[in-house]
Amino acid sequence: MAGNFPPMISAIQKLRQRARLEQDHSQEVHMLWGLIAAQIALGQLQEASTCCQELQQLITSLHIPAPLVAYPSLFQAQLAYARNQLEVAQRAALEAIQKAAPFQYMDILMGAYEVLVHASIARGELSKALQVLNEMEGVNQAADIPLFQPWIEGLRSSLWLAQGNLASAADWAEHTPYRQEALTGSVYSREGTYLTLVHVDLAQQKYQQALQLLAALLESAEQVSRVGSMVSVLALQVAALQVLGSTQEALLVLARLLPLAEPEGYLRPFLDAGEPMQQVLQAWFCQEQEAVAPRLSTYAQTIFKAFASEQRQSEMETSASLISSGHPHALSPSTEPGLEPLTPREQEVLCLLAEGATNQEIAERLVISLTTVKKHVSSLFLKLAAENRTHAVARARELALL
C-alpha cells in the first residue's frame, strides 16, 4: 500500500523458494500474484510477463478455483496496456472482470475496470469508456470501499478531458483534496489520480503547478526505485517542460526516460503524454546522435511510429464519421493517408534541410556519402509529398515535424 516494493519482492522470493522446496504449489500461486504486482510497479515488465506465464501454468495444472484464476488476465491487461497493445488489454481486462465478478473480488475488479477505461479512452471509444466507468462505480458503491473512490474520480476526470469537457475536469481538480496529499507525502494507491491532476493542470496551462506535483511524485517513486511510476512521471515532465517552452530541459528528461523505458518496451506513457512528447522526440532526432546507443534510437523510432499510427487511426475514424453523416467536407481515408514515419536518419537530414544545408554539407555533418544524402532527400520528398527542399521544409512544419 505504501508502494515500497523491493523488500516485498525479497520477502516473496524467500517464501516462494520455501514453497518450492516443500512442493507446496498452491502456496506458490499466492506468492506469484503478489510478486507480479510488485514487478509491474517496479517497471520489471519482462520479468512480470514470465512470472505471469508461470502463474497461469500453475493455476491450470492445479485447477485453482476462481477468483484467483482471474489474476493472470488482470496482469496481462496491465502489461498489454503499458505496451500499447490496446485490443489485448481490453480483452484480458474483460476476462478478468467476468472471472472475478461473481465473487466481488474487488482488487481484481477495480484493476481490470481501470485498464478497460484507459484502453477505451486511448482507442477513442468514449461511449464505451463511460459505460465501463459507470459499471465500475456501481460495483464500488455496492462494496462500499473508500480506497477505490479516488481511482474512479481520476478516471472520470480523464474521460472528461477526452470528451473536451475541461470545465468539469477543472472543477474536480480545484475542489479535490488529493493534490495536497500528494505534495505532503504521496500515497501510492492514488498515484493514478495524482497523474490525472497533472493532465488537468496541463490542459489549463498551469504548467508550474503541474511540474510541482510531478516533482513530488518523482521523489516518492525514486526513494523506493519504483521505475514503473518514474516512467509515467518523467513522460509527463517532458510534456510539461515542452509546453512551457523549455525544450532543452525536456530533452534532458527524455534522455533519462528512454533508457529506463526501453528494456521493458513501454509505449503508452509516451503516447499518453500527447503531442508535446512527439515534438520533443522530433527534437531528439534532430540532435547529434553519435553517442546514442542504436537500441535507443530504434526504440525512439518505435514510439514515433506509434504516434503516427494513432494519428492515422484517429483521422480514419474522423473521416468515416464525416462520411457516414454526409458531411460536405468529408474525405475518404484513402485520399488523405497518414504520414509514413521518417527514419532517424531522415529526421536528421530534414533538420539540416531546414537549416539550409546543402547536400555536401549534410554529407559532411552526418559523415555519409553524397549519394546516400540524395537518397534520403528523395525519400523525404516522397514521404512529405513535396516538390523541392523549400516545399519539404514547409510540409514538415505543417505536420509539426519541425
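- Side-chain contact check for Leu342 versus Phe285: every heavy-atom pair is 4.5 Å or farther apart.
- Considering all non-hydrogen atoms of both residues, Pro67 and Ile108 come closest at O-CD1, 3.5 Å.
- For the residue pair Leu86 and Ala122, the shortest heavy atom distance occurs at CD1-CB, 3.7 Å.
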Counting only pairs under 3.5 Å, give me each side-chain donor-acceptor contact of residues 235-252, with atom names and distances, residues two or more places apart or in other chains.
unit_1	atom_1	unit_2	atom_2	d
Gln242	OE1	Thr247	OG1	2.9
Gln242	NE2	Gln279	OE1	3.2

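- Although no hydrogens or angles enter the test, the distance criterion places no donor-acceptor pair under 3.5 Å between the side chain of Gln39 and the main chain of Gln44.
- Side-chain contact between Asn388 and His391 is present, with heavy atoms from C-beta onward closer than 4.5 Å.
- A donor-acceptor pair under 3.5 Å is absent between the side-chain atoms of Ser220 and the main chain of Ala216, judged by distance alone.
- The minimum heavy-atom distance linking Leu213 with Val198 is given by the pair CD2-CG2, 3.8 Å.
- By the 4.5 Å heavy-atom criterion applied to side chains, Gln209 and Gln204 are not counted as neighbours.
- The salt bridge (charged side-chain N to carboxylate O under 4.0 Å, His left out) search around Glu95 returns none, not counting sequence neighbours.
- For Lys383 against Pro341, the heavy-atom pair with the smallest separation is NZ-O, 3.0 Å.
- Ser229 contributes no side-chain N or O that, together with a main-chain N or O of Ala221, makes up a donor-acceptor pair within less than 3.5 Å.
- Every pair passing ring pair (Phe, Tyr, Trp, His ring centres under 6.0 Å) that includes a residue from residues 84-142 is listed here, sequence neighbours excluded: Tyr81-His118.
- With sequence neighbours left out, the salt bridge (charged side-chain N to carboxylate O under 4.0 Å, His left out) criterion links Glu87 to Arg123.
- Here the shortest heavy-atom pairing between Val69 and Ile64 reads CB-O, 4.1 Å.
- Of all heavy-atom pairs spanning Ala354 and Leu402, the tightest one is CB-CD1, 3.7 Å.
- Looking at Leu366 and Arg345, their side chains come closer than 4.5 Å, going by heavy atoms from C-beta outward.
- With sequence neighbours left out, Trp160 forms a ring-ring contact (aromatic ring centres under 6.0 Å, His included) with no residue at all.
- Judged purely by atom type and a 3.5 angstrom limit, Arg395 has no side-chain atom pairing as donor or acceptor with the backbone of Ala386.
- Listed for the Thr298 side chain is a donor-acceptor partner under 3.5 Å among the backbone atoms of Pro294.
- Under the rule for a salt bridge (charged side-chain N to carboxylate O under 4.0 Å, His left out), the partners of Glu137 that lie at least two apart in sequence or sit in another chain are Arg156.
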What donor-acceptor contacts under 3.5 angstrom involve side-chain atoms of residues 54-63, with partners at least two apart or in another chain?
unit_1	atom_1	unit_2	atom_2	d
Glu54	OE1	Arg16	NH2	2.3
Gln56	NE2	Thr60	OG1	3.3
Thr60	OG1	Gln56	O	2.9
Ser61	OG	Gln57	O	3.0
Ser61	OG	Leu58	O	3.1

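- When the shell of 6.0 Å around CD of Gln23 is examined, it contains 12 or fewer heavy atoms from other residues, nucleotides or ligands.
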Residues Arg389, Leu380; criterion side chain to side chain contact (heavy atoms under 4.5 Å, CB included); working and verdict: CA-CA 9 Å; Arg389 288 163 164 259; Leu380 282 170; over 6 Å; no

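- Atom CD1 of Ile9 sits about 4.5 Å away from atom CG of Leu42, to the nearest 0.5 Å.
- Between Leu384 and Leu401, the closest side-chain pair of non-hydrogen atoms falls below 4.5 Å.
- Within a 6.0 Å radius of CD in Glu275, other residues, nucleotides and ligands contribute 12 heavy atoms or fewer.
- Side chain of Ser120 to main chain of Leu116: a donor-acceptor pair is present (N/O by atom type, distance under 3.5 Å, no hydrogens or angles).
- A donor-acceptor pair under 3.5 Å is absent between the side-chain atoms of Ser379 and the main chain of Lys375, judged by distance alone.
- Residue Ile40 holds its CD1 atom at 12.0 Å from CD of Glu47, rounded to the nearest 0.5 Å.
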Step-by-step side-chain hydrogen bond (donor to acceptor under 3.5 Å, both in side chains) determination, Gln27 to Glu22: CA-CA 10 Å; Gln27 182 65 19; Glu22 297 173 355; over 6 Å; no

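- To the nearest 0.5 Å, atoms OG1 (Thr302) and CG (Asn84) are separated by 11.5 Å.
- A side-chain donor-acceptor contact under 3.5 Å links Arg226 to the backbone of Gly3.
- The list of ring pair (Phe, Tyr, Trp, His ring centres under 6.0 Å) pairs with a residue in residues 13-41, not counting sequence neighbours, reads Trp33-Tyr71.
- Within the model, atoms OG of Ser73 and CZ of Arg91 stand 10.5 Å from one another, a figure rounded to the nearest 0.5 Å.
- Every side chain to side chain contact (heavy atoms under 4.5 Å, CB included) that Ala112 has, sequence neighbours left out, goes to Leu74, Ala93, Ala96, Ile97.
- For the pair Leu35 and Gln13, the minimum side-chain heavy-atom distance is below 4.5 Å.
- One finds the CG atom of Asn359 at 11.5 Å from the NE2 atom of His376 (value rounded to the nearest 0.5 Å).
- For the pair Leu353 and Ile362, the minimum side-chain heavy-atom distance is below 4.5 Å.
- With sequence neighbours excluded, no residue forms a side-chain hydrogen bond (donor to acceptor under 3.5 Å, both in side chains) with Gln212.
- In this structure Ile145 satisfies the side chain to side chain contact (heavy atoms under 4.5 Å, CB included) test together with Met106, Asn140, Ala143, Leu147, Phe148, sequence neighbours excluded.
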Phe270 and Leu258: CA distance, side-chain angles, deciding distance, side chain to side chain contact (heavy atoms under 4.5 Å, CB included) verdict: CA-CA 10 Å; Phe270 293 88; Leu258 288 173; 4.0 Å; yes

Distance-only criterion, 3.5 Å: show the donor-acceptor pairs between side-chain atoms of residues 259-266 and protein atoms not counting sequence neighbours.
unit_1	atom_1	unit_2	atom_2	d
Glu262	OE1	Arg295	NH1	2.6
Glu264	OE1	Leu45	N	2.9
Glu264	OE1	Gln46	N	2.8

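- A distance of 7.5 Å separates OG in Ser297 from CD in Glu348, rounded to the nearest 0.5 Å.
- Side-chain contact check for Lys374 versus Val377: every heavy-atom pair is 4.5 Å or farther apart.
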Check against salt bridge (charged side-chain N to carboxylate O under 4.0 Å, His left out), Glu310 and Arg268: CA-CA 11 Å; Glu310 199 157 271; Arg268 199 65 231 174; 2.8 Å; yes

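- No donor-acceptor pair closer than 3.5 Å links the side chain of Gln205 to the backbone N or O of Leu202.
- Under a 3.5 Å cut-off, the side chain of Thr196 and the backbone N or O of Gly192 do form a donor-acceptor pair.
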